[in-house]
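This report refers to the structure that appears directly beneath it.
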Amino acid sequence: MKIAIIGVGSVGSAVATAVQNTGLAHEIVLYDRDGIRARAAAEDLGHASAFSYDIKINSVSNYRAIRGSEIVIIAAGANQKPGETRNDLLKRNADVISDIIPKVMDNVDAKNVKIIVVTNPLDVMVMLAQKLSRLPASRVIGTGTMLDSARLKIILSRQLGVSTRSITSYVLGEHGDSSVINWSSVCIGGIALDDFCKQAKISLPQTTRKTIEHRVRNAAYEIIQGRGATWDGIGGAVADLLHALVNDEKRILTVSTVDGVGKTAVAMSLPRVVGNKGVIMNLHTKLNSEESAGLRKSAKIIRKNFDLI
Ligand code: NAD
């Protein structure tokens with residue numbers, strides 16, 4: 001499978017490494033408007049391939065060379081500087097997506113291609129990419145709150161002393177400051193969280209839950225403060241999404257795609273079944289009134305920002 005990555009900065013490079021390590025691609029092409037950066041990334045990654053899979057890795061200087069790509073990953077655009085929110089990137093990255101999508105669509109098979117959007121503010125960029133590409137919403141997929149859900153899972157795993165693989169926990173809504181921690185659906189080995197805590201004699205009071213929510217929502221800010229940007233986590237998320245798409249795993253992931261049409265359409269993260277046709281089913285989890293209100297707030301913020309561009 002040929003996979004194109006557009007934008008090869010910190011995130012695009014980490015995504016390329018993660019994609020390479022899945023062994024799912026026979027060819028990866030890297031495009032960046034900074035051609036020198038793309039060439040250097042392809043060279044470096046090519047050296048790494050000698051230790052993993054035989055795979056063709058090339059930088060390309062024009063969009064014609066992405067022809068034949070079945071999946072296009074968009075990781076181009078401005079990132080947050082310390083103190084900036086994802087939504088502060090809105091106008092700059094809307095220009096980036098508007099530049100990239102038509103050029104991608106001129107060179108891919110619209111009947112089959114799947115676009116993975118990573119650029120922030122994620123949900124609005126998914127809406128814009130879907131609108132400009134005219135692809136079905138099921139094939140324009142944002143990584144959404146996959147990373148936020150992973151962060152929640154890691155924190156819970158440490159708090160509860162249970163492997164992340166035995167925890168089902170979702171962060172929903174905006175990949176941003178209004179994300180919603182879906183406490184109502186958390187279960188540990190199929191046991192509801194409260195029951196599990198009783199059996200394990202662990203106390204998880206509201207104050208602790210609020211602290212966990214804060215840590216999940218602020219994880220990116222802390223990482224940006226410490227190392228300038230985040231990249232490893234999102235690399236892992238894209239690789240996971242790729243496995244689900246390429247191997248038709250029909251796994252439930254909190255990805256962002258556009259739901260609805262016209263003025264009420266909005267992209268945000270919900271648990272969705274992902275297979276080789278893209279998003280094949282949207283699911284509704286248990287929500288308490290606070291969580292439902294949180295999702296409505298997320299949808300409003302995303303829609304308002306989309307209407308601003
Ligand atoms: P970066 O500045 O390191 O790299 C961005 C790259 O995009 C640069 O190499 C730049 O030349 C390229 N670029 C800009 N405009 C372009 C265009 N029109 N065509 C082609 N290439 C173009 O930034 P980064 O840290 O790699 O972040 C990239 C994006 O990923 C940001 O929007 C960031 O917020 C986002 N991000 C998303 C998640 C997530 O969970 N979805 C996580 C981390 C970062």
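Numbers here are sequence positions counted from 1. Start at 1 and go down the list; that is how both ligands and their atoms are numbered. Because only heavy atoms are used, hydrogens play no part in the values below, and waters and symmetry mates are left out as well, while side chains stay in.
- Atom 12 (C) of ligand 1 has its closest protein heavy atom at Asp32 OD2, 3.3 Å.
- Under the 4.0 Å criterion applied to side-chain N and carboxylate O atoms, Asp109 and Lys2 are not assigned as salt-bridge partners.
- Taken to the nearest 0.5 Å, the OG atom of Ser59 stands 13.0 Å off from the CD1 atom of Ile28.
- Nearest protein neighbour of atom 4 (O) of ligand 1, counting heavy atoms only, is Gly9 CA, 3.2 Å.
- The heavy atom nearest to atom 32 (O) of ligand 1, considering only Ala76, Ala78, Gly77, is found in Ala78.
- Taking the side chain as every heavy atom from C-beta outward, Arg37 and Val8 never approach each other to under 4.5 Å.
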side-chain hydrogen bond (donor to acceptor under 3.5 Å, both in side chains) between Thr254 and Thr145, worked out
CA-CA 6 Å; Thr254 53; Thr145 53; 3.2 Å; yes
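- Backbone and side-chain nitrogen or oxygen atoms of Gln80 are examined, and none is located within less than 3.5 angstrom of a nitrogen or oxygen of ligand 1.
- The residue Arg86 has no part lying near ligand 1, judged by heavy-atom distances below 4.0 Å.
- Residue Val8 places no N or O, backbone or side chain, under 3.5 Å from any N or O of ligand 1.
- One option in Asp88, Val11, Val126 has a heavy atom closer to atom 30 (O) of ligand 1 than any other, and that option is Val11.
- Remark: Leu241 CG to Glu249 CD distance equals 10.0 Å, nearest 0.5 Å.
- Formation of a donor-acceptor pair under 3.5 Å by the Glu291 side chain with backbone atoms of Trp183 is found in this model.
- The closest protein non-hydrogen atom to atom 3 (O) of ligand 1 is Ser10 N, 3.0 Å.
- Closest to atom 40 (O) of ligand 1, if we only count protein heavy atoms, is His175 NE2, 3.1 Å.
- The two residues Ala94 and Ile309 have their closest heavy-atom pair at CB-CG2, 3.8 Å.
- Listed by number with element, the atoms of ligand 1 under 4.0 Å from a non-hydrogen atom of Val118 are 35 (C), 36 (N), 37 (C), 38 (C), 39 (C), 41 (N).
- Near Asp99, meaning under 4.0 Å from any of its heavy atoms, are these atoms of ligand 1: 17 (C), 18 (N), 19 (N).
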Worked check of side-chain hydrogen bond (donor to acceptor under 3.5 Å, both in side chains) between Asn107 and Arg64
CA-CA 6 Å; Asn107 290 287; Arg64 274 193 313 283; over 6 Å; no
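- Contact annotation: for Asn120 versus ligand 1, heavy atoms closer than 4.0 Å belong to both the backbone and the side chain.
- With values rounded to the nearest 0.5 angstrom, Leu204 atom CG is found 7.0 Å from Leu156 atom CG.
- Contact atoms of ligand 1 toward Ala75: 28 (C), 29 (C) (distance under 4.0 Å to a heavy atom of the residue).
- Those atoms of ligand 1 that come under 4.0 Å of a heavy atom in Thr143, given as number and element, are 41 (N).
- Taking every non-hydrogen atom of Asn93 and a distance limit under 4.0 Å, the qualifying atoms of ligand 1 come out as 32 (O).
- Side-chain atoms of Ser133 come within 3.5 Å of backbone N or O of Gln130 as a donor-acceptor pair.
- At least one N/O-N/O distance between Asn79 and ligand 1 falls below 3.5 Å.
- Within ligand 1, the atoms closer than 4.0 Å to a non-hydrogen atom of Leu147 are 40 (O), numbered from 1 in the order shown.
- Backbone and side-chain nitrogen or oxygen atoms of Tyr63 are examined, and none is located within less than 3.5 angstrom of a nitrogen or oxygen of ligand 1.
- When only interatomic distances are considered, the shortest N/O to N/O separation between Arg33 and ligand 1 falls below 3.5 Å.
- In this structure, the side chain of Asp44 does not engage the main chain of Ala41 through any donor-acceptor pair within 3.5 Å.
- Side chain of Thr119 to backbone of Ala76: a donor-acceptor contact under 3.5 angstrom is found.
- Using a 4.0 Å cut-off to heavy atoms of Leu89, the atoms of ligand 1 that qualify are 34 (O).
- Those atoms of ligand 1 that come under 4.0 Å of a heavy atom in Thr230, given as number and element, are 42 (C), 43 (C).
- Screening Ile115, Val118, Val15 against Ile74 for a side chain to side chain contact (heavy atoms under 4.5 Å, CB included) leaves a single residue, Ile115.
- The distance criterion of under 3.5 Å between nitrogen or oxygen atoms is met by Arg37 with respect to ligand 1.
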